[in-house]
Amino acid sequence: MITALKFTLLLLALAFAQGLHYNYIDELDKEAGTVRAVQASQYVSLWPLPQKVKILDLSFKLTSFNIVDAKESSAGSSCSLLQDAYRRYYEYMFGIAKRQGPRKSRLTGPSELTELQVWITSPDSECDGYPSVTSDESYELSVDLPYAVLKAPKVWGALHGLETFSQLVYEDQYGAKSINSTAISDFPRFAHRGILLDSSRHFLPLKVILANLETMAMNKFNVFHWHIVDDQSFPYLSRTFPQLSQQGAYHPYTHVYTPADVKMVIEFGRLRGIRVVPEFDTPGHTQSWGKGQKDLLTPCYSGSKPSGSFGPVNPILNTTYDFMSQFFKEISTVFPDAYVHLGGDEVDFTCWKSNPDIQKFMDQQGYGQDYKKLESFYIQKLLDIVTTTHKGYMIWQEVFDNGVKLKPDTLIHVWKGNQEQYQSEMANVTSAGYKTLLSTPWYLNRISYGQDWHGHYKADPQDFNGTEEQKKLVIGGEACLWGEYVDATNLTPRLWPRASAVAERLWSAKDVTDINDAFNRLSVHRCRMVARGIPAEPLFSSYCPREYKGI
Ligand SMILES: *[C@@H]1O[C@H](CO)[C@@H](O)[C@H](O)[C@H]1NC(C)=O
Ligand SMILES: *[C@@H]1O[C@H](CO)[C@@H](O)[C@H](O)[C@H]1NC(C)=O
Ligand SMILES: *[C@@H]1O[C@H](CO)[C@@H](O)[C@H](O)[C@H]1NC(C)=O
Ligand SMILES: *[C@@H]1O[C@H](CO)[C@@H](O)[C@H](O)[C@H]1NC(C)=O
């Protein structure tokens, strides 16, 4: 654990030693406002910033401390989700110090805080359930004598409250764990706060996925959007169609997610209040599907003969829909979340255009040369299939743009264009009455020199021309890390702490926009992630009290 105070003291000492000549000012970084050293924020290291915080000038020592269930709590010792979380956070707060042996403050006097009582207030704690888009994630934290109290209607709020509590703990100048008297009342601004990882361009070992779920919890993200398959590979091992990964994965045994792997990801996420929404993108982005499923893809033609290459899913065969019915029936039982992401982006019409059977079908249907109509024909049938599995669906914006008829509860995922275009899209989608979430400004796979988190931090999904009713249809956003140039070697440092900027935008109040205060808190938060073993990259020239020690 980091200590904001010690950190600041060290910085000050360093500054004096150098005659206030900060050598961490990097001349190369010309971005206005970035050339500065970390200073203490009045909110210390809280990230994302809670809705309401009051920290007093009164500190307590934590020499012998426990996290326990409040007597009144509706989730007792039988709630393993909470017991697991207590252990996890105890380790984060005291694990390192414990290994180094107990360090007692040389000062006597300050009062001791001995307990955090966790009180789930609603009769149904949801301990054994799955989080959902309507989950209550709120909590209230009071750090005071005789004991601290964390109150939450459901376990989901308690998980967030434990993270917040752990962020308040610091080491005093003698290395003793301390916490100030604090009152916090907190809830997320948006219900859907996601991270997209792509396990198709590169296979991501389970360990890396789990480490990122853990880091998501440190940032109060609550949706793992698993872009599990794509053109490049099909690592999802389907029980119904095992040949899909047999033929379509990079390797049929070492580069696949078995049913047990998928289960583990879902449960690991659940224990951290994180939903797992899988994406099976069709009809484009499906080259890898074609390897294990004969006749699924459209044969492309060169002149009057098949060229040997294949295009998007073949929308004119009944067998296509038989396959999709069986496939999505499986998906609906494997993934407990109420939503599945059906993709629908970037369909290339060239192959469809080349194929004479498709031409004939287009004529029969009276589509002329409008291939968007053919795409809509396919998507419409797919949506009907998924509806029969009792799942809701998310789709990329093209499906809306192409005028496909959608169920009213469809979530439209906006990802295209520049700021003006995505704001116009958000206005259009919400004026049509659909719920939406934003990713355009948060394609974290795009990297550049300097502090690009500023741009991620400033983007606001509700900044578009629309009524209050329209703004309410924005359920949140997702930071995306597409996998062309990303695998287990660089995923985590590329994602963190840049995604943390998105985390605060989606959790904290709309008016939390002070980039300098954000820099100060995020610097300490980043060092905290490092101290917890996460190789989160630096924001700028600086150091951490506990540096990353490599693997
Ligand atoms: C915590 O309390 C101490 C006094 O014990 C005070 O010096 C310090 O400024 C407080 N920290 C915050 C963030 O208010
Ligand atoms: C495909 O299904 C439709 C509707 O069930 C049916 O009318 C049509 O004959 C089928 N086509 C083939 C080639 O089996
Ligand atoms: C939103 O709708 C307007 C009016 O139909 C249209 O002109 C504009 O291009 C649309 N915006 C986007 C991003 O498609
Ligand atoms: C809102 O509309 C006004 C006037 O049409 C325009 O000047 C402004 O740029 C728009 N703002 C956004 C965020 O689209």
Side-chain angles (χ1 to χ4, degrees), residues 132-133 190-198 200 223-231 236 275-286 289 312-313 315 320-321 324-325 327-329 331-332 335 337-349 371-417 421-422 424-440 442-443 461 470 473-480 482:
S132 79
V133 71
F190 293 107
H192 187 117
R193 306 177 308 280
I195 294 281
L196 177 151
L197 297 182
D198 167 6
S200 172
V223 180
F224 170 37
H225 173 165
W226 194 353
H227 188 88
I228 189 166
V229 301
D230 204 298
D231 282 329
Y236 173 76
R275 302 162 49 201
V276 178
V277 176
E279 177 180 354
F280 290 92
D281 189 358
T282 68
H285 291 276
T286 46
W289 302 52
V313 165
T320 292
Y321 302 102
M324 291 296 170
S325 294
F327 184 75
F328 279 101
K329 198 169 149 204
I331 297 310
S332 74
F335 293 90
D337 199 78
Y339 284 88
V340 50
H341 201 302
L342 299 175
D345 59 321
E346 298 183 312
V347 184
D348 181 358
F349 298 142
Y371 287 85
K372 281 184 184 173
K373 289 199 171 131
L374 182 60
E375 183 188 348
S376 296
F377 170 85
Y378 167 79
I379 298 268
Q380 192 65 67
K381 287 177 86 90
L382 178 68
L383 298 187
D384 290 346
I385 286 168
V386 173
T387 302
T388 66
T389 70
H390 305 294
K391 291 284 181 190
Y393 38 79
M394 300 173 59
I395 37 119
W396 295 109
Q397 71 177 75
E398 284 98 319
V399 180
F400 167 82
D401 296 343
N402 292 346
V404 175
K405 190 167 129 263
L406 298 164
K407 275 198 302 176
D409 64 346
T410 305
L411 304 179
I412 317 283
H413 197 163
V414 172
W415 70 279
K416 287 173 75 168
Q421 287 162 334
Y422 78 69
S424 158
E425 182 79 7
M426 296 290 277
N428 290 359
V429 167
T430 52
S431 89
Y434 291 109
K435 289 191 178 155
T436 184
L437 66 157
L438 181 66
S439 277
T440 312
W442 298 319
Y443 267 41
Q470 280 176 268
L473 292 170
V474 179
I475 61 159
E478 288 183 0
C480 303
W482 296 99

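One-based numbering along the sequence shown.
- Here the side chains of Phe190 and Pro461 are in contact, with some heavy-atom distance below 4.5 Å.
- Applying the ring pair (Phe, Tyr, Trp, His ring centres under 6.0 Å) criterion to Trp442, with sequence neighbours excluded, gives no partner residue.
- No option in Ile412, Val223, Ile475, Val474 other than Ile475 meets the side-chain contact (heavy atoms from CB on, under 4.5 Å) test with Leu437.
- For Phe327 and Trp289, the ring centers sit closer than 6.0 Å to each other.
- Applying the ring pair (Phe, Tyr, Trp, His ring centres under 6.0 Å) test to His225 and every residue at least two apart in sequence or in another chain returns His341, Trp396, His413.
- Looking at Leu406 and Ile395, their side chains come closer than 4.5 Å, going by heavy atoms from C-beta outward.
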Report task. Please report the C-alpha distance between Met324 and Phe280 in whole Å, then the side-chain angles of each, then the deciding distance to 0.1 Å, and finally whether the side-chain contact (heavy atoms from CB on, under 4.5 Å) criterion is met. Result -> CA-CA 11 Å; Met324 291 296 170; Phe280 290 92; over 6 Å; no
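- Between Arg275 and Val133, the shortest heavy-atom contact is NH1-CB, 3.5 Å.
- How far CD of Glu478 is from CG of Leu197: 10.0 Å, rounded to the nearest 0.5 Å.
- For Pro283 against Gly344, the heavy-atom pair with the smallest separation is CD-CA, 4.5 Å.
- Partners of Leu473 according to the side chain to side chain contact (heavy atoms under 4.5 Å, CB included) rule, which considers only residues two or more places apart in sequence or in another chain, are Thr430, Lys435.
- Under the side chain to side chain contact (heavy atoms under 4.5 Å, CB included) criterion, Ala432 pairs with Phe400, Tyr434, sequence neighbours left out.
- Not counting sequence neighbours, the partners of Thr440 by the side chain to side chain contact (heavy atoms under 4.5 Å, CB included) test are Val414, Tyr422, Leu438.
- Ser132 OG to Asp337 CG: the interatomic distance, rounded to the nearest 0.5 Å, is 8.0 Å.
- Across all non-hydrogen atoms, the minimal contact from Val347 to Pro312 is CG1-CG, 4.0 Å.
- A donor-acceptor distance shorter than 3.5 angstrom exists from the side chain of Gln397 to the backbone of Lys416, with no hydrogens or angles considered.
- Taking CD1 of Ile379 as the start and OG1 of Thr282 as the end, the distance is 5.5 Å to the nearest 0.5 Å.
- Relative orientation of the His227 and Trp482 rings is perpendicular, given thresholds of 30° and 60° on the angle between their planes.
- Taking CG from Asp401 and CD from Glu425, the interatomic distance works out to 4.0 Å, rounded to the nearest 0.5 Å.
- Here Asp281 pairs with nothing under the salt bridge (charged side-chain N to carboxylate O under 4.0 Å, His left out) rule; sequence neighbours left out.
- Residues passing the side chain to side chain donor-acceptor pair (under 3.5 Å) test with Gln380, sequence neighbours excluded: none.
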Report task. Start with the C-alpha gap between Ile331 and Lys391, add the side-chain angles, then the distance that decides, and say whether side-chain contact (heavy atoms from CB on, under 4.5 Å) holds. Result -> CA-CA 10 Å; Ile331 297 310; Lys391 291 284 181 190; over 6 Å; no
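- In terms of the side chain to side chain donor-acceptor pair (under 3.5 Å) criterion, Ser376 has no residue partners (sequence neighbours excluded).
- If you check the side chains of Asn402 and Glu398, you find no donor sitting under 3.5 Å from an acceptor.
- For Lys407, the side chain to side chain contact (heavy atoms under 4.5 Å, CB included) partners two or more places apart in sequence, or in a different chain, are Thr387, Tyr393, Asp409, Thr410.
- For Phe377, the ring pair (Phe, Tyr, Trp, His ring centres under 6.0 Å) partners are Phe361, not counting sequence neighbours.
- His192 meets the ring pair (Phe, Tyr, Trp, His ring centres under 6.0 Å) test with no other residue; sequence neighbours excluded.
- For the atom pair OG1 of Thr388 and CZ of Phe328, the computed distance is 11.0 Å after rounding to the nearest 0.5 Å.
- Proximity of Pro315 to Tyr321: side-chain heavy atoms (C-beta onward) are separated by under 4.5 Å at one or more points.
- Scored by the side chain to side chain donor-acceptor pair (under 3.5 Å) test, Tyr339 finds no partners at all (sequence neighbours excluded).
- Counting non-hydrogen atoms of neighbouring residues, nucleotides and ligands closer than 6.0 angstrom, the NZ atom of Lys372 reaches no more than 12 such neighbours.
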